[in-house]
Student: 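Sharing a structure with you now.
All values derive from a computational prediction rather than experimental measurement.
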Amino acid sequence: MQNLIIYHRNIDPSLNLCSFLDKNIKKDEFYIPELKAYTSYPRYEICSPIKPFYDRVIGRAMMYLGISFANFDSSIWAQIYTPTNNSRHPAHNHWSDVAVDFSWVHFIKTPDKRCFRFTNGHIPPQNDGDFIIFPSWAVHTILPFSGECDRMVVAGNVMLKNAKR
């Protein structure tokens with residue numbers, strides 16, 4: 001089983017971030033019945049107040065990965081999965097015509113540490129604060145969970161600019 005994680009750090013989520021997600025994402029307009037979850041995808045502007053923080057995190061990750069020579073664009077969204085309604089996300093990837101190079105997830109609140117998994121069977125770390133970057137073509141899924149509180153993540157994509165391909 002191949003480990004598809006190309007970058008991993010634990011970045012402590014602040015209480016302000018949890019509060020932001022509760023206040024701005026957990027709204028009827030963002031509830032998707034098929035997922036039984038709340039998501040701001042593809043309304044990236046909803047997360048614009050927290051985007052500068054994540055752009056700095058991505059910039060540091062790119063330096064660590066030796067990709068500091070390229071600028072990047074990024075998209076960002078948030079999802080809240082509730083334990084009482086069997087919320088899930090079917091297998092998917094983030095590969096698209098938009099030339100998405102990397103995808104990432106920041107696990108903010110994780111009552112069940114094994115919901116996110118790659119379809120090759122690899123289960124990445126999912127403690128509160130774990131931030132992972134993986135290839136956008138990697139197929140992954142979110143399994144239903146049980147617990148006392150919501151599961152919260154912030155996710156996004158990175159598109160490299162002016163990088164030689």
Student: Classify the ring geometry of F118 against F116: parallel below 30°, tilted from 30° to 60°, perpendicular beyond 60°.
Tutor: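 Perpendicular.
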Student: So which heavy atom on T141 is nearest to which on P90, and how close?
Tutor: OG1-C, 3.7 Å
Student: Return yes if some donor-acceptor pair links the side-chain N/O of H140 with the main-chain N/O of A138 below 3.5 Å, else return no.
Tutor: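 Yes, because the side chain of H140 sits within donor-acceptor range (under 3.5 Å) of the backbone of A138.
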Student: Hey, quick one: are V139 and I123 part of the same hydrophobic cluster, counting side-chain heavy atoms closer than 4.5 Å, chains of contacts allowed?
Tutor: no
Student: Measuring only between side-chain heavy atoms, which start at C-beta, is E148 closer than 4.5 Å to P83?
Tutor: no
Student: Is it true that a side-chain atom of S103 and a backbone atom of F134 form a donor plus acceptor pair closer than 3.5 Å?
Tutor: no
Student: Quick check: is F72 connected to I6 through a chain of hydrophobic side chains (ILVMFWY, heavy atoms under 4.5 Å apart)?
Tutor: yes
Student: Within the side chain of S74, is there an N or O that forms a donor-acceptor pair under 3.5 Å with the backbone of N157?
Tutor: no
Student: Walk me through it: do I108 and L17 pass the test side-chain contact (heavy atoms from CB on, under 4.5 Å)?
Tutor: CA-CA 8 Å; I108 305 302; L17 185 54; 3.4 Å; yes
Student: List the steps, then state whether side-chain contact (heavy atoms from CB on, under 4.5 Å) holds for V158 with V100.
Tutor: CA-CA 6 Å; V158 176; V100 173; over 6 Å; no
Student: Testing W77, F102, W137 one by one against H94 for a ring pair (Phe, Tyr, Trp, His ring centres under 6.0 Å), which residue passes?
Tutor: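 Result for ring pair (Phe, Tyr, Trp, His ring centres under 6.0 Å) with H94: W77.
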Student: Taking I80's backbone N and O only, do any of them form a donor-acceptor pair with D150's side chain (distance below 3.5 Å, no angle check)?
Tutor: no
Student: Taking T110 for the side chain and K113 for the main chain, is one N or O donor matched with an acceptor at less than 3.5 Å?
Tutor: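 Flag not set: sc T110 to bb K113 has no pair under 3.5 Å.
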Student: For M152 and C18, which heavy atoms make the closest approach, and how far apart are they?
Tutor: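 Smallest heavy-atom distance, with atoms named: CE-O, 4.0 Å.
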Student: So, does D130 use its side chain to make a donor-acceptor pair with the main chain of N127 at under 3.5 Å?
Tutor: yes
Student: Can you name the nearest heavy-atom pair linking I132 to P125, along with the distance?
Tutor: CG2-O, 4.5 Å
Student: Just how far is it from atom CD1 of I76 to atom CG of D55, taken to the nearest 0.5 Å?
Tutor: 7.5 Å
Student: Step by step, would you call E34 with R88 a salt bridge (Lys or Arg N to Asp or Glu O under 4.0 Å)?
Tutor: CA-CA 9 Å; E34 300 81 39; R88 67 183 75 226; over 6 Å; no
Student: Roughly how far, to the nearest 0.5 Å, is the CG atom of L21 from the CD1 atom of I50?
Tutor: 5.5 Å
Student: If two hydrophobic side chains count as joined below 4.5 Å and joins carry through other members, does Y31 share a cluster with F20?
Tutor: yes
Student: Check the pair F53 / I11 against side-chain contact (heavy atoms from CB on, under 4.5 Å), numbers first and verdict last.
Tutor: CA-CA 11 Å; F53 168 76; I11 301 167; 3.7 Å; yes
Student: Mind checking whether V153 and I5 sit in one hydrophobic cluster, side chains of I, L, V, M, F, W, Y counted as touching below 4.5 Å?
Tutor: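 Shared cluster, yes.
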Student: Measuring from M63:CE to I58:CD1, what's the distance to the nearest 0.5 Å?
Tutor: 15.0 Å
Student: Tell me if the centroids of the rings in W104 and F131 come within less than 6.0 Å of each other.
Tutor: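 Between F131 and W104, which both carry aromatic rings, the centre distance is below 6.0 Å.
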Student: For S136 and N93, work out which heavy atoms get closest and say how close.
Tutor: O-CB, 3.4 Å
Student: Is a side-chain donor or acceptor of T39 paired with a backbone partner of Q79 at a separation under 3.5 angstrom?
Tutor: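 Not at all, since once roles are kept as given, no pair shorter than 3.5 Å links the two residues.
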Student: Check the pair K161 / D73 against salt bridge (Lys or Arg N to Asp or Glu O under 4.0 Å), numbers first and verdict last.
Tutor: CA-CA 7 Å; K161 298 181 347 182; D73 285 330; 3.7 Å; yes
Student: Do Q126 and R117 pass the side-chain hydrogen bond (donor to acceptor under 3.5 Å, both in side chains) test, and can you show the C-alpha distance, the side-chain angles, and the key distance before you say yes or no?
Tutor: CA-CA 10 Å; Q126 297 171 55; R117 63 185 59 204; over 6 Å; no
Student: Determine, for K51 against E45, whether the closest basic-nitrogen to carboxylate-oxygen distance falls under 4.0 angstrom.
Tutor: no
Student: Could you state the interatomic distance from CD1 (I46) to CG (N24), rounded to the nearest 0.5 Å?
Tutor: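 Interatomic distance, I46 CD1 to N24 CG, rounded to 0.5 Å: 7.5 Å.
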Student: What is the distance from atom CZ of R43 to atom CD of E29, rounded to the nearest 0.5 Å?
Tutor: 5.0 Å
Student: Looking only at heavy atoms, which two atoms of M159 and S75 are closest? And how far apart?
Tutor: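 The answer is CE-N, 4.1 Å.
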Student: Please report the C-alpha distance between M62 and Y7 in whole Å, then the side-chain angles of each, then the deciding distance to 0.1 Å, and finally whether the side-chain contact (heavy atoms from CB on, under 4.5 Å) criterion is met.
Tutor: CA-CA 9 Å; M62 287 179 52; Y7 180 83; over 6 Å; no
Student: Please report the closest heavy-atom contact between H122 and L4, naming both atoms and the distance.
Tutor: CD2-N, 4.1 Å
Student: Is the closest side-chain heavy-atom distance between Y81 and C115 below 4.5 Å?
Tutor: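 Contact flag for Y81/C115 side chains = no.
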Student: Between Y64 and R9, is there a cation-pi geometry (under 6.0 Å to ring centre, at most 45° from the normal)?
Tutor: yes
Student: Less than 6.0 Å separating the ring centroids of Y38 and F30?
Tutor: no
